[in-house]
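Only one structure is covered here, and it is reproduced in the block below.
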Amino acid sequence: MTGVLVLAGTPIGDIADAPPRLAAELAAAEVIAAEDTRRLRRLTQALDVTPTGRIVSYFEGNEAARTPELADALAGGARVLLVTDAGMPSVSDPGYRLVAAAVERGIKVTAVPGPSAVLTALAVSGLPVDRFCFEGFPPRKAGERRSRLREVADERRTLVYFEAPHRLDDTLAAMAEVFGADRRAAVCRELTKTYEEVKRGTLGELAAWAAEGVRGEITIVVEGAPESGPQELAPEELVRRVRVREEAGERRKEAIAAVAAEAGLPKREVFDAVVAAKNAEKSAP
């Protein structure tokens, strides 16, 4: 008999949001793999549960090394419960490696559905929810971040991101530059907690707001790109799009060709706009 891997959703703020099955699973598991054993202790105390199984840490730093050990426990018949600090395991949290190892060995994987910052932010954002994609945390380095954003600049689905509060202003500014300052978005802060806040507006407005400093757990929801089709772009917008691509590492010739294709224009027209902008900068006092 092989064991069962249970992925358990945990509250993202309000302990009252704990799934009803969570307490029972915490009490019954033979092994509990926790992202932070101290937070697990606080969780079990809040739920008035006394775990009887072995508790091990399972976080980014030891995930690769500890996965084989937990997979062996599952293969030996153990019921292993995986919990992260908040939300569902595997969603920008430890878990994927263990799930993949369990699936490879033919071990059952199930879940205790629970809170998710991704779905909660999406639901309260006021933006379209019929189709969306989760992009996780943007890269920390500015060039890599712009390059990643450029990859989804034309994505029609609503985009959801996580971000650290001290990088929020830079990320929103980069989004406004790559996606366009008029693209609608929502910044969801401290969801389900005492100081929950949902700030809605354009990316340009939100970038200006975030420049003053923002605290707490952050989820960003961004409106998808408008339907593609014939569009008249001002020379300034053509130049901006070329520069975004150049900053991401493309050569100017390639950037001009790509922007021309996107806008349905001859390459010469985009080239002329870039040259005119360069000449204007040189002649400026």
Side-chain angles (χ1 to χ4, degrees), residues 1-121 123 136-137 162 164 188-196 215-219:
M1 288 284 293
T2 58
V4 177
L5 173 60
V6 183
L7 310 176
T10 54
I12 60 176
D14 191 338
I15 192 65
D17 292 335
R21 278 178 51 207
L22 181 57
E25 291 289 353
L26 286 166
E30 293 162 280
V31 180
I32 300 177
E35 184 176 11
D36 186 328
T37 56
R38 292 167 299 182
R39 294 189 68 161
L40 172 66
R41 190 176 302 113
R42 292 196 292 270
L43 176 64
T44 56
Q45 290 173 348
L47 296 177
D48 195 23
V49 174
T50 302
T52 57
R54 178 167 61 97
I55 297 174
V56 299
S57 64
Y58 189 72
F59 62 100
E60 185 179 2
N62 72 357
E63 185 179 3
R66 181 142 282 172
T67 292
E69 171 192 333
L70 293 172
D72 287 343
L74 287 164
R79 189 175 188 86
V80 177
L81 181 70
L82 178 59
V83 293
T84 55
D85 290 348
M88 284 298 298
S90 292
V91 182
S92 279
D93 277 326
Y96 168 74
R97 285 188 177 92
L98 185 53
V99 172
V103 170
E104 185 177 353
R105 296 195 186 196
I107 295 167
K108 180 179 178 180
V109 180
T110 188
V112 177
S116 167
V118 176
L119 295 179
T120 303
F137 283 91
F162 287 160
C188 304
R189 187 180 72 85
E190 295 289 89
L191 287 170
T192 77
K193 299 178 183 177
T194 302
Y195 297 104
E196 174 180 290
R215 296 182 179 182
E217 303 262 339
I218 303 293
T219 306

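Scope of the values below: all heavy atoms of this structure, side chains included, with no hydrogens, waters or symmetry mates. All residue numbers refer to positions in the sequence shown, counting from 1.
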Strictly distance-based, threshold 3.5 Å: is any side-chain N or O of Ser92 a donor or acceptor partner for the main-chain N or O of Phe162? no
Mind checking whether Val4 and Val6 have side chains closer than 4.5 Å, heavy atoms only? yes
What I'd like to find out is whether the side chain of Thr110 reaches to under 4.5 Å of the side chain of Leu5, using heavy atoms alone. no
For the residue pair Ile15 and Leu43, establish whether any side-chain heavy-atom pair is separated by less than 4.5 Å. yes
Check the side chains of Asp36 and Ser57 for a donor-acceptor pair under 3.5 angstrom, ignoring hydrogens and angles. no
Check: Ser90 main-chain N/O paired with Asp93 side-chain donor or acceptor under 3.5 Å: no
For the pair Glu196 and Lys193, find out whether any cationic side-chain nitrogen is under 4.0 Å from an anionic carboxylate oxygen. no
Looking at Arg215 and Glu190, is there a salt bridge between them, counting it only when a charged N and a carboxylate O are closer than 4.0 Å? no
Under the side-chain hydrogen bond (donor to acceptor under 3.5 Å, both in side chains) test, which residues partner Glu63, sequence neighbours left out? Arg97
Taking 4.0 angstrom as the limit, do Arg66 and Glu35 come out as a salt bridge? no
Heavy-atom side-chain proximity of Leu191 to Cys188 below 4.5 angstrom: yes
I'd like to check Pro89 versus Val83 (side-chain heavy atoms, cut-off strictly below 4.5 Å). Are they in contact? no
For a side-chain hydrogen bond (donor to acceptor under 3.5 Å, both in side chains) with Tyr58, tell me which candidate from Thr84, Thr67, Thr37 qualifies. Thr67
If we only count heavy atoms from C-beta on, is the Val31 to Leu70 side-chain gap below 4.5 Å? yes
Heavy atoms, side chains only, cut-off 4.5 Å: are Arg189 and Tyr195 in contact? yes
Please tell me if the side chains of Val112 and Leu7 come closer than 4.5 Å, counting only heavy atoms from C-beta onward. no
Are any of the side-chain nitrogens in Asp72 or Arg105 under 4.0 Å away from the carboxylate oxygens of its partner? yes
Is there a donor-acceptor pair under 3.5 Å between the side chain of Thr2 and the backbone N or O of Gly77? no
Let me confirm one number: the CG-CG distance from Asp17 to Leu22, rounded to the nearest 0.5 Å. 11.5 Å
Within a 6.0 Å radius of atom CZ on Phe137, are there more than 12 heavy atoms belonging to other residues, nucleotides or ligands? yes
